[in-house]
Participant: 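Structure provided below as structure tokens; questions to follow.
Predicted, not measured: the structure shown is a model, and the values here were computed from it. So you know, we letter chains A, B, ... as the sequences are listed, proteins then strands, and number each from 1.
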2 protein chains.
Amino acid sequence: MTRLAGSSKLLRAMNASAALAHLLDAGGLTRADLRRLTELSTPTISEVLRRLTEAGLVTVVGYHSGRPGPNAEIYAANPDAAYAAAVSVRDIGTSGAPSVVAALADLTGTERARIERRVDFLHTDPKTALIDVVAELRETAGVAAEGIHHVQLGVAGSYDPRAETIRHVDVPGFARPGLVPEIAAALATRIGVDNDVNLAAVAERRRGVATDVDGFALLWLGQEGLGLAIDIGGTLLRGARGGAGEIGYMPLYAPDSTHRKVDLQDLVGGAAVLALGRDHGVPGRTPLEVVTAAATEPDRAGEFFPQLADRIAVGLAAVIAVLDPSLVVLAGPVAQAGGETLLAAVTTAVRRAAPLESTIAVTTIDDDAVLLGALDAGLTAVREALIASIRDNQA
Amino acid sequence: MTRLAGSSKLLRAMNASAALAHLLDAGGLTRADLRRLTELSTPTISEVLRRLTEAGLVTVVGYHSGRPGPNAEIYAANPDAAYAAAVSVRDIGTSGAPSVVAALADLTGTERARIERRVDFLHTDPKTALIDVVAELRETAGVAAEGIHHVQLGVAGSYDPRAETIRHVDVPGFARPGLVPEIAAALATRIGVDNDVNLAAVAERRRGVATDVDGFALLWLGQEGLGLAIDIGGTLLRGARGGAGEIGYMPLYAPDSTHRKVDLQDLVGGAAVLALGRDHGVPGRTPLEVVTAAATEPDRAGEFFPQLADRIAVGLAAVIAVLDPSLVVLAGPVAQAGGETLLAAVTTAVRRAAPLESTIAVTTIDDDAVLLGALDAGLTAVREALIASIRDNQA
DNA sequence: TAATTGTTAGCCAGATTGCCAATCACGTCG
DNA sequence: CGACGTGATTGGCAATCTGGCTAACAATTA
């Protein structure tokens with residue numbers, strides 16, 4: 001139900017933003033391409049491009065030769081018109097992985113800087129740490145402060161956008177109310193916060209196995225916990241308080257109460273994987289090591305993968321029954337270490353347990369999925385803000 | 001990302017459709033009201049209304065007196081511009097309820113006809129039965145065949161819109177591929193098919209307890225089966241093959257394999273309710289009778305409701321963990337019979353089991369929720385089609 | 001030569017502002 | 001108590017302005 005109404009000014013703004021949207025999507029387009037895409041006339045396209053070029057949002061990036069007539073100019077969105085920054089924060093935990101990974105991308109999506117830091121948030125204020133990281137990103141890439149239009153934060157927790165507060169975080173200091181607005185004020189940018197698993201799903205949709213799917217669920221098997229992201233037609237399901245996908249806490253039904261109350265975290269969380277490894281004589285001190293060891297020598301791991309798969313299938317069966325996704329993606333360090341062996345085991349286990357058939361796949365993203373997803377999310381935020389600002393301001 | 005581009009014709013169409021959208025939503029508006037809502041100038045509003053009136057979509061329904069100046073004309077969408085029909089089909093089963101309930105509503109949403117029929121689909125072709133019902137609706141309301149723009153069908157099953165086929169239906173004859181297109185061709189209307197529980201959720205959103213909620217889950221406790229509808233911001237989640245919410249088939253985790261594989265249907269389905277009633281000495285031959293008896297004399301039912309609630313909570317805990325809805329609505333005959341007693345029991349059971357807190361409520365719709373939801377769904381389809389046709393045809 | 005690119009000129013559709021007549025409520029005066 | 005003036009409001013008309021379109025044209029390259 002479009003309720004947009006207005007005068008010719010609205011029209012001009014709409015046409016400009018439509019053209020910009022196409023340029024952002026396609027990358028490089030000639031006037032003739034835009035004419036076909038927007039169904040506008042040549043003079044109008046010229047006028048729109050003239051205005052967008054004047055505003056610094058669009059530039060000529062090349063010429064299309066080899067055909068009769070003058071070489072057509074190829075227009076593209078100006079990479080330096082706006083930047084998006086992404087910061088992925090995680091608890092250091094037992095692994096030696098850096099606790100802050102950050103990257104900066106220009107409007108076209110090319111990564112211009114990336115840094116990794118170990119930050120001890122017990123002794124460092126998140127606010128100053130994040131501001132410093134973003135400043136360092138800017139220096140590395142040589143970008144002015146005003147250039148960054150959006151900073152996307154990824155944390156292992158949920159974000160309540162109404163209260164502007166991060167909840168269910170383990171990293172010290174991040175749960176403080178008022179933190180996010182303060183950072184936004186200090187950086188003078190819009191700031192977005194999202195769950196790390198959600199952001200991994202964004203990356204999966206843009207560059208992974210879920211590019212052409214109308215909806216999918218991503219099960220994240222991490223070193224400690226597990227998480228679920230739900231993508232419905234490209235938008236993520238967050239739930240009332242950002243708690244959608246917290247299946248780690250999903251209680252499992254016990255027919256008689258002699259069993260103590262167990263949830264899915266007890267079944268497939270890091271500790272459970274470790275214990276399962278011990279039971280089957282698979283070596284390794286961390287869940288990742290255990291799964292890697294089992295995957296490299298599947299014959300010696302015995303029933304390790306089938307049993308792990310059976311447990312994963314318990315959670316996936318519930319997810320599939322509720323959501324009926326066309327694709328289920330296994331991601332996270334444990335899933336990636338398990339690889340094809342784990343995938344095969346989970347596929348058979350789910351086929352046995354779940355009422356509906358869903359394709360199951362392992363992520364194809366080798367890089368830091370959370371960071372890439374944060375970058376993608378920040379980028380789309382920047383693009384949408386640009387398009388909206390054209391529609392509103394140029395009135 | 002709006003990519004709409006065009007010339008002044010698009011503008012006119014947009015303004016007309018915006019005005020119509022407001023008129024459909026608000027009911028009766030003066031020119032001044034529309035001026036405020038659309039932010040268009042007086043001459044433009046006049047022109048738009050003139051065109052809409054000429055097209056027969058809008059009429060003057062009254063005059064606004066009691067204020068200085070001439071009595072302002074009150075415009076409203078013409079009720080007779082289009083009609084929507086709704087047909088709810090269910091298996092007769094053990095109850096004596098009619099198997100086909102149908103209604104007809106005009107564009108403003110007032111019900112103009114309703115009929116109920118018992119149809120034996122073992123000996124009657126669904127196609128002819130449905131065509132007859134719609135014809136009867138038309139006669140009762142005195143509406144021409146072309147007046148009906150949309151027929152909404154509600155069935156206990158799922159609809160695959162790509163294959164245009166109904167799946168997982170118990171009612172004989174409805175699973176036949178090609179049935180829906182044939183009915184659409186015979187009636188010469190658009191036809192929509194949806195799951196009955198989904199439609200009940202539509203009604204709940206429009207006239208029930210879920211009017212102001214950003215998303216909710218509706219658990220349907222029927223005479224036989226159970227179902228789940230998921231509303232996210234007003235749109236229903238259907239899943240890849242229309243199988244979202246089929247939690248009846250959700251398998252339950254058994255810690256050891258000595259228990260046979262049980263799913264949620266075994267736990268809270270009609271048969272389970274009957275058995276539970278027997279165990280607690282609650283009289284009744286159908287699940288509805290059992291629950292009604294228990295609700296009228298809660299003291300004599302003992303642990304019936306707490307135990308039933310515990311079982312319901314098993315399913316709801318999974319739903320809440322996956323979706324984090326801000327509201328969970330209990331609906332369907334069994335839930336309505338259980339009333340406040342059941343609600344209280346379920347609330348405490350869920351609070352104990354589920355990781356997140358969700359408000360739980362019982363439906364407030366006394367009428368046939370599925371039928372009303374189908375009517376609402378058909379009506380919005382008609383309205384959107386009207387608005388879209390203005391935007392496209394008046395070019 | 002033919003096809004293609006991009007510009008300029010004139011035209012047209014549609015929305016806006018400003019102006020005006022008509023209408024009604026309300027207070028005041030005869 | 002009734003008639004009348006005042007002010008607010010409605011709705012129409014004319015003039016203006018913005019913006020996109022068609023058509024013609026110059027320029028360029030296979």
Side-chain angles (χ1 to χ4, degrees), chain A residues 3-20 28-55 58-75 390-395, chain B residues 3-20 28-55 58-75 390-395:
Chain A
R3 289 217 189 132
L4 213 54
S7 63
S8 1
K9 289 178 184 176
L10 173 68
L11 210 52
R12 162 154 295 188
M14 279 173 57
N15 290 344
S17 78
L20 181 61
L29 295 171
T30 66
R31 283 174 154 93
D33 294 333
L34 278 170
R35 216 174 98 76
R36 247 181 300 106
L37 289 167
T38 60
E39 298 191 314
L40 293 170
S41 69
T42 333
T44 308
I45 291 291
S46 293
E47 172 71 9
V48 164
L49 285 177
R50 198 183 56 75
R51 284 177 160 249
L52 286 175
T53 313
E54 265 177 21
V58 155
T59 44
V60 178
V61 293
Y63 295 91
H64 195 74
S65 64
R67 309 210 305 152
N71 289 342
E73 291 171 326
I74 298 175
Y75 287 84
I390 287 180
R391 229 190 31 214
D392 301 342
N393 289 351
Q394 218 161 60
Chain B
R3 292 223 187 123
L4 213 54
S7 61
S8 15
K9 288 177 184 177
L10 173 67
L11 205 56
R12 161 155 296 190
M14 279 173 56
N15 289 343
S17 78
L20 181 60
L29 295 171
T30 66
R31 282 173 155 93
D33 294 332
L34 278 171
R35 219 175 95 77
R36 247 180 301 105
L37 289 168
T38 60
E39 300 192 312
L40 292 171
S41 67
T42 331
T44 308
I45 292 291
S46 294
E47 173 70 8
V48 164
L49 285 176
R50 198 184 56 75
R51 286 180 158 248
L52 286 175
T53 313
E54 266 178 20
V58 155
T59 43
V60 177
V61 293
Y63 296 89
H64 196 74
S65 64
R67 309 208 307 150
N71 289 343
E73 291 171 325
I74 299 174
Y75 287 85
I390 286 180
R391 230 192 27 213
D392 301 340
N393 289 351
Q394 219 162 55

Participant: When you check the phosphate oxygens OP1 and OP2 of D/dG20, does a side-chain N or O of A/Asn15 lie under 4.0 Å from one of them?
Facilitator: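 Yes, within the criterion.
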Participant: Could you grab the distance from atom CZ of B/Arg50 to atom CG of B/Leu52, nearest 0.5 Å is fine?
Facilitator: 10.5 Å
Participant: I want to check something: taking the side chain as every heavy atom from C-beta on, are B/Val58 and B/Leu20 in contact at a cut-off of under 4.5 Å?
Facilitator: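 Contact flag for B/Val58/B/Leu20 side chains = yes.
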Participant: Look up atom CG in A/Leu4 and atom CG in A/Leu10, then write down how far apart they are to the nearest 0.5 Å.
Facilitator: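 CG of A/Leu10 is found 5.0 Å from CG of A/Leu4.
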Participant: Can you tell me how far apart CD (B/Glu73) and OH (B/Tyr63) are? Round to the nearest 0.5 Å.
Facilitator: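 One finds 5.0 Å between CD of B/Glu73 and OH of B/Tyr63.
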Participant: Using whole Å, what does the distance between atom P of nucleotide C/dA15 and atom CG of A/Leu10 come to?
Facilitator: 11 Å
Participant: When rounded to the nearest 0.5 angstrom, what distance separates CG in B/Asn15 from OG1 in B/Thr44?
Facilitator: 7.0 Å
Participant: How many whole angstroms separate atom CD1 of A/Ile74 from atom C1' of C/dG6?
Facilitator: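 One finds 15 Å between C1' of C/dG6 and CD1 of A/Ile74, rounded.
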Participant: I need a per-nucleotide contact map over nucleotides 7-12 of chain C, read 5' to 3'. Cutoff is protein heavy atoms under 4.0 Å; write B for the base, S for backbone only, - otherwise.
Facilitator: BB----
Participant: What is the distance from atom CG of B/Leu40 to atom CD of B/Glu47, rounded to the nearest 0.5 Å?
Facilitator: 12.0 Å
Participant: Between A/Ser8 (side chain only) and A/Leu11 (backbone N and O only), is there a donor and an acceptor less than 3.5 Å apart?
Facilitator: no
Participant: Which whole-number value in Å describes the distance from B/Arg50 CZ to C/dG14 P?
Facilitator: 11 Å
Participant: Let me know the distance between NE2 of A/His64 and P of C/dA3, rounded to the nearest Å.
Facilitator: 17 Å
Participant: List the steps, then state whether side chain to side chain donor-acceptor pair (under 3.5 Å) holds for B/Thr42 with B/Arg31.
Facilitator: CA-CA 8 Å; B/Thr42 331; B/Arg31 282 173 155 93; over 6 Å; no
Participant: Determine: side-chain N/O of B/Arg12 to OP1/OP2 of C/dA13, distance under 4.0 Å, yes or no.
Facilitator: no
Participant: A/Met14 has an atom CE; how far is it from atom C1' of D/dT18, in whole Å?
Facilitator: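 The distance from CE of A/Met14 to C1' of D/dT18 comes to 16 Å, rounded to the nearest Å.
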Participant: Measure CG/B/Leu49 against C1'/D/dG11 and give the value in whole Å, please.
Facilitator: 11 Å
Participant: OP1, OP2 of C/dG14 versus side-chain N and O of B/Ser7: anything below 4.0 Å?
Facilitator: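 Answer is no, no contact under 4.0 Å.
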Participant: D/dT10 P sits how many Å from B/Glu47 CD, rounded?
Facilitator: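 Going from B/Glu47 (CD) to D/dT10 (P), I get 20 Å.
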Participant: Take atom CG of B/Leu40 and atom P of C/dA13, then tell me their distance rounded to the nearest Å.
Facilitator: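 After rounding, the reported distance stands at 20 Å.
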Participant: Quick one: does A/Asp33's side chain have a donor or acceptor within less than 3.5 Å of a partner on A/Thr30's backbone?
Facilitator: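 Looks like yes, one N/O pair under 3.5 Å.
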Participant: For A/Asn71 and A/Ile45, take the nucleotide of DNA chain D holding the closest heavy atom to each; which residue's nucleotide lies nearer the 5' end?
Facilitator: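 It is A/Ile45 whose nearest nucleotide is closer to the 5' end.
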Participant: Summarise protein proximity over nucleotides 4-9 of chain D in one line of letters, 5' to 3': B for base, S for sugar-phosphate only, - for none, counting protein heavy atoms closer than 4.0 Å.
Facilitator: ---BBB
